[in-house]
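See structure below.
All chains are named by letter (A, B, ...) in the order of the sequence lines, taking the proteins before the strands, and each is independently numbered beginning at 1.
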Amino acid sequence: MSDTRFDPSSADGRWQKAWDEAECFRADSGSEKPKSYVLEMFPYPSGRIHIGHVRNYTMGDVLARYKKMRGHEVLHPMGWDAFGMPAENAAMEKGVHPGKWTRENIESMKAQLKRLGFALDWSRELATCEPDYYGHEQALFIDLYEAGLVYRKESEVNWDPVDMTVLANEQVIDGKGWRSGAEVEKRKLNQWFLKITDFAPELLEGLESLDKWPEKVRLMQENWIGKSRGLQFAFDISNGEKLEVYSTRPDTIYGASFVAVAADHPIAQALASEDAEAAAFIEKCKRGGTTAADLETAEKLGYRTQLTAQHPLIEDCELPLFIANFVLMDYGTGAVMGVPGHDQRDFEFAKKYHLRIQRVVGTSTADADRPLGAGAEPGEGVLVNSGPLDGMDVDTAKREVIGRAEKEGWGEGKTVWRLRDWGVSRQRYWGTPIPFVHCEKCGVVPVAKSDLPVTLPDDVDFQTPGNPLVRHPTWKHTQCPKCGGEAVRETDTLDTFVDSSWYFLRFASQPGDRPFDPEEVAKWLPVEQYIGGIEHAILHLLYARFWTRALARLGQIDFTEPFASLFTQGMVTHETYYRREPETGRVVYFAPDEIERNGQGAILKDDGFPISIGRVVKMSKSKRNVVDPDTIIAQYGADAVRWFMLSDSPPERDLPWSESGIEGCARFVQRVWRLVGEHDPQATGEDAELARKTARTVHDVGETIEALHFNKAVAKLYELVGAIEKADASADRTNAIETVFMLVAPMMPHLAEEAWAAIGNTSLVAAAAWPEVDEALLQDESVTIAVQHKGKLRDTLTAPKGASKEVLEEMALASEKVQRSLDGAEIRKVIVVPDRLVNIVT
RNA sequence: GCGGGUGUGGCGGAAUGGUAGACGCCGGGGACUUAAAAUCCCCUGUCCUUUGGACGUGUGGGUUCGAGUCCCACCACCCGCACCA
């Protein structure tokens with residue numbers, strides 16, 4: 001048996017079946033063991049599992065299996081984030097119903113996941129597109145509404161004037177609709193919002209408790225929430241009205257040289273009715289989409305109105321009032337004071353419209369007359385050209401101006417948040433119907449909970465652009481739950497981020513009559529380890545945090561943070577292969593299976609001529625650098641694929657896929673398998689060094705898995721396997737081989753089971769206990785000491801562990817190499833770090 | 001534009017401020033074999049006047065006995081920016 005090769009094509013399926021039959025990975029909430037909830041971000045069922053999913057779920061799987069071996073009751077579930085635009089696109093392009101398309105995708109993707117041998121509790125599987133999920137979501141949405149956390153307001157969307165439909169940001173390409181090619185406009189619609197801003201302070205403060213989240217994610221969320229302290233004050237406008245503005249830099253108020261309002265500011269709207277040019281400019285501002293990146297990279301444009309604003313601190317100083325495309329109605333008051341010297345955007349605007357650019361902050365008071373060079377200086381410094389503020393530092397000046405405004409009554413200090421309320425309305429079919437009706441008599445009324453779920457109609461057509469729910473002949477017509485009269489259903493559906501804001505609760509318990517069972521939820525939540533892509537650092541994670549806090553405020557759960565520990569993994573990348581067409585200069589990409597690598601270069605199989613190897617980038621259809629998990633599993637087996645996902649690259653960084661890399665992994669799987677033939681229960685005798693190495697590896701692999709440093713765990717296992725191969729037979733070697741099988745069990749579980757059985761075990765290694773370590777074996781007796789001179793390594797010596805400084809210094813000076821380097825120079829100082837190094841300074 | 005991150009041999013990477021390049025891949029040489037595959041062994045940062053030495057962690061400065069690691073400035077790339085999920 002042992003001289004044959006390990007055959008994944010038979011072993012993988014056999015062990016997957018054995019785990020299933022033993023219900024090995026079913027989470028028992030009644031268990032007395034400590035509980036661990038390991039969760040990976042659930043996938044969108046796009047059709048095929050992507051190699052990025054494989055990486056994500058392999059990491060979670062290793063942790064889940066490891067935790068089980070360490071005696072934990074593990075909840076490791078899987079589900080489907082099943083609503084979304086691609087299903088509607090498929091309906092439009094292929095004429096297939098979104099539900100059919102989605103459910104078929106789920107079936108094939110589930111089969112793919114099963115082939116990877118993940119330790120998942122499939123009994124808890126859920127799909128957000130099923131009424132038994134989204135119906136409970138509708139109930140929660142009504143709960144939030146009744147708690148005052150849901151409201152409606154006008155808000156801008158991307159409007160395609162040809163298709164007469166709302167476009168997602170993704171569907172706007174270079175300012176044009178992706179299908180019609182028409183120039184996109186901004187249009188206002190009445191939409192549903194969740195009051196996430198009510199939670200801004202606690203979402204910010206809560207970040208401090210998330211000490212097992214990556215620092216960068218907390219920082220990004222902090223900046224996104226964007227708490228700022230500034231001054232809100234009113235300008236007197238030449239038409240007799242007041243204009244409220246907000247500024248985070250009131251210290252620079254003496255440098256103000258203009259005032260600007262958003263295109264949809266009431267003042268601008270009022271002007272439009274009497275000033276045709278102003279109206280034309282406002283119309284122009286409506287062009288283009290709604291994304292922040294577009295707005296901020298667009299050319300700064302303004303329209304100079306006839307109005308002026310009196311500077312609050314400088315007598316007879318009238319500032320011109322502009323309507324500007326870069327001022328947002330959503331932030332602050334929709335109006336700003338422009339200080340070109342110390343804000344880059346204002347600087348560019350001032351250059352363009354020939355406005356005064358005055359320095360009011362410098363490195364010292366001597367800077368007063370130093371002109372501003374190429375751009376604004378937004379940093380810290382000392383106030384100049386600012387009357388009574390001269391000489392103050394920025395922070396003092398801020399406090400001074402706010403204090404004066406409050407005393408004199410023309411403004412007040414105010415905390416403003418960058419975070420905006422969460423718009424959850426989507427004018428689309430394939431999403432959770434918003435459970436409300438519009439009644440002429442009673443207004444907006446929630447659907448009675450006893451009438452939930454409000455289900456999507458199946459008979460819809462996608463041949464016409466726009467929301468099929470609006471066109472449906474009967475679906476939206478209903479009775480008002482309050483007065484019983486005729487009423488119309490809300491046709492907007494919920495943002496899919498709502499679906500993913502509470503699925504982790506539904507995994508913990510799935511009662512039919514309510515969203516979750518609080519007692520079951522209390523047993524498992526918060527999620528001990530959450531793993532997913534860094535691209536979700538802000539939106540998904542912030543919305544899930546908000547939703548959890550909202551439910552806590554409603555008393556439905558008693559914790560406020562859903563994910564105790566978060567890990568964000570890197571992408572899987574692949575090199576690209578291309579040729580440039582000689583005539584057109586266009587780049588044509590080739591798929592990995594169309595080419596053959598030869599040393600440094602590559603050739604196209606079709607014609608045998610070389611092709612160029614491009615940069616290593618994220619796998620994408622357009623670059624054709626995608627590898628399909630099914631193909632590689634069939635070729636190398638699940639364990640080799642899993643091992644590759646864990647090897648080499650640190651998990652938070654990108655992992656470049658390579659043919660030679662996976663081949664190396666497949667070779668290592670066989671290398672571990674060959675240890676079965678070396679396993680000799682009769683072997684006697686000690687091998688103290690190997691025993692120490694084994695103990696050290698058990699300790700290190702456990703520690704690195706817990707820290708999610710899988711690449712280091714992999715390297716340690718390579719080292720131990722190498723050491724075993726070199727060692728002679730002994731009882732310690734036999735033990736080391738058994739230990740290896742247990743240590744690789746979380747990573748290459750199929751091989752581990754096969755080997756475990758082959759050496760005579762009748763139970764599953766997946767259910768085995770992690771090996772114990774004899775602490776005494778972790779202590780080294782001697783250490784290697786580095787000896788430096790002039791900052792360079794000159795020699796190394798072996799010394800007993802814990803040797804004194806004096807002894808180490810003496811040993812270092814006795815070295816011939818060191819003496820040669822010293823060459824008789826006078827020793828000025830010797831630095832000795834015990835167990836580490838000796839550094840001689842001359 | 002704004003916010004966040006990353007940068008070390010041919011490649012992926014390792015390294016509590018203390019021996020830079022562990023481990024893996026690629027490449028070269030050898031063993032076994034009729035041959036191949038598989039497997040095993042050795043070499044493998046660059047340069048030089050080669051039992052030795054110099055240089056070397058994106059670039060330029062700085063702190064330190066000592067910097068991949070800390071500080072400042074810059075460059076390149078990646079992620080996010082509220083309707084992709």
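In this structure B/U63 sits in the anti conformation; its chi angle is more than 90° from 0. Syn is the conformation of B/G9, whose glycosidic angle sits no further than 90° from 0.
An OP1 or OP2 oxygen of B/G7 is reached within less than 4.0 angstrom by a side-chain nitrogen or oxygen of A/Arg653. The shortest distance between the side-chain N/O atoms of A/Asn169 and the OP1/OP2 oxygens of B/C81 is not below 4.0 Å. The phosphate of B/C40 has neither OP1 nor OP2 within less than 4.0 Å of any side-chain N or O from A/Arg667. Within the structure, every side-chain polar atom (N or O) of A/Arg794 is placed at least 4.0 Å from both OP1 and OP2 of B/U19. Residue A/Thr496 has a polar side-chain atom (N or O) positioned under 4.0 Å from OP1 or OP2 of B/A85. The phosphate of B/U39 has neither OP1 nor OP2 within less than 4.0 Å of any side-chain N or O from A/Arg671. Contact annotation: A/Arg426 reaches the phosphate of B/C83 (side-chain N/O to OP1 or OP2, under 4.0 Å).
For the pairing with A/Phe42, the ring-ring contact (aromatic ring centres under 6.0 Å, His included) check across A/Tyr133, A/Tyr503, A/Trp80 returns one residue only, A/Tyr503.
Between A/Phe83 and A/Tyr134, the ring centre distance stays below 6.0 Å. Aromatic rings from A/Phe349 and A/Phe326 are positioned such that their centres are separated by under 6.0 Å.
Across all strands, A/Phe497 comes closer than 4.0 Å to base atoms (heavy-atom distances). At a threshold of 4.0 angstrom between heavy atoms, the contacts of A/Ala537 with the nucleic acid are absent. When heavy atoms are screened at a 4.0 angstrom cut-off, A/Ile831 is found touching base atoms of the nucleic acid. Contacts of A/Leu419 with the nucleic acid, taken as non-hydrogen atoms under 4.0 Å apart, include base atoms. A/Glu663 comes within 4.0 angstrom of nothing in the nucleic acid, heavy atoms only.
No N or O donor and acceptor, one from the side chain of A/Gln344 and one from the base of B/C2, sit under 3.5 Å apart.
Here the P atom of nucleotide B/G4 and the CD1 atom of A/Ile538 are 10 Å apart, to the nearest Å. In this structure, the NZ atom of A/Lys216 is 13 Å from the P atom of B/G4, given to the nearest Å. Remark: P of B/G80 and CD of A/Glu222 are 21 Å apart, rounded to the nearest angstrom.
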Anything under 3.5 Å between a protein N or O and an N or O of nucleotides 20-23 of chain B, put it in a table, one pair a line.
unit_1	atom_1	unit_2	atom_2	d
B/A22	O2'	A/Glu719	OE2	3.4

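Pairing partner, B/G24: B/C11, with both Watson-Crick or wobble hydrogen-bond distances short of 3.5 Å.
Within a 6.0 Å sphere centred on NZ of A/Lys817, other residues, nucleotides and ligands contribute 12 heavy atoms or fewer.
Ring planes of A/Trp657 and A/Phe644: tilted class, angle from 30 to 60°.
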